[in-house]
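Notes for the one structure printed next.
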Amino acid sequence: MSKEHVFEVVKNVIIEVLPDIKPEQVHIEKNLRELGANSIDRMEVVTMSMEELDLKIPLMSFAQVSNIQGMVDVLVENYATSVESN
């Protein structure tokens, strides 16, 4: 799965969770706090993105993530790992 696809999934989830955000405001280098997301919103973005991608990743995997790029990287890495183990 490409990073571009994962970013599009995450972007769509962000727009769903934060309805005041326009698609053109979501850039991969931004962090969710800059977009107005509180801690509950951020966890919702993570969990909904994992559901959309059919992934189960320990939430602690996202503890050091500081921006959307980091979240996408964790999702892509874990997707690759889950495909390899199947």
Side-chain angles (χ1 to χ4, degrees):
M1 180 174 306
S2 72
K3 282 188 178 187
E4 293 78 17
H5 174 74
V6 174
F7 173 64
E8 284 304 314
V9 169
V10 171
K11 182 178 180 176
N12 290 334
V13 170
I14 290 169
I15 294 164
E16 185 178 337
V17 172
L18 304 171
D20 295 337
I21 298 297
K22 294 178 176 53
E24 58 272 9
Q25 292 175 283
V26 182
H27 301 282
I28 199 159
E29 67 278 351
K30 288 204 171 200
N31 68 49
L32 292 173
R33 231 177 256 130
E34 290 174 326
L35 297 174
N38 62 31
S39 59
I40 294 170
D41 295 332
R42 292 192 302 271
M43 289 300 358
E44 197 168 350
V45 168
V46 168
T47 56
M48 288 175 67
S49 295
M50 286 191 303
E51 286 174 16
E52 285 287 321
L53 296 166
D54 197 28
L55 291 172
K56 291 187 187 332
I57 305 168
L59 293 177
M60 287 305 297
S61 300
F62 298 90
Q64 300 301 317
V65 169
S66 61
N67 60 15
I68 297 170
Q69 174 72 56
M71 184 188 323
V72 168
D73 289 344
V74 170
L75 292 167
V76 169
E77 288 166 16
N78 282 277
Y79 180 80
T81 303
S82 72
V83 169
E84 288 170 5
S85 65
N86 285 333

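Residue indices begin at 1 and follow the sequence shown.
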Is there a donor-acceptor contact under 3.5 Å from the side chain of [X] to the main chain of [Y]?
X	Y	answer
Ser61	Ile57	no
Asp41	Asn38	yes
Glu77	Val74	no
Arg42	Ala37	yes

**OP:** Check the side chains of Gln69 and Asp73 for a donor-acceptor pair under 3.5 angstrom, ignoring hydrogens and angles.
**Re:** yes
Subject >> Any residue meeting side-chain hydrogen bond (donor to acceptor under 3.5 Å, both in side chains) with Glu44, in chain and number order, not counting sequence neighbours >> reply: none
Measuring from [X]:[atom1] to [Y]:[atom2], what's the distance to the nearest 0.5 Å?
X	Y	atom1	atom2	result
Ile28	Asn67	CD1	CG	8.0 Å
Ile68	Leu35	CD1	CG	5.0 Å
Thr47	Met50	OG1	CE	6.0 Å
Asp54	Met1	CG	CE	9.0 Å

Original post:
Of the non-hydrogen atoms in Met48 and Glu16, which two are nearest, and what is the gap between them?
Top reply: CE-OE2, 3.2 Å
Original post:
Which heavy atom of Val10 sits nearest a heavy atom of Met71, and at what distance?
Top reply: CG1-SD, 3.9 Å
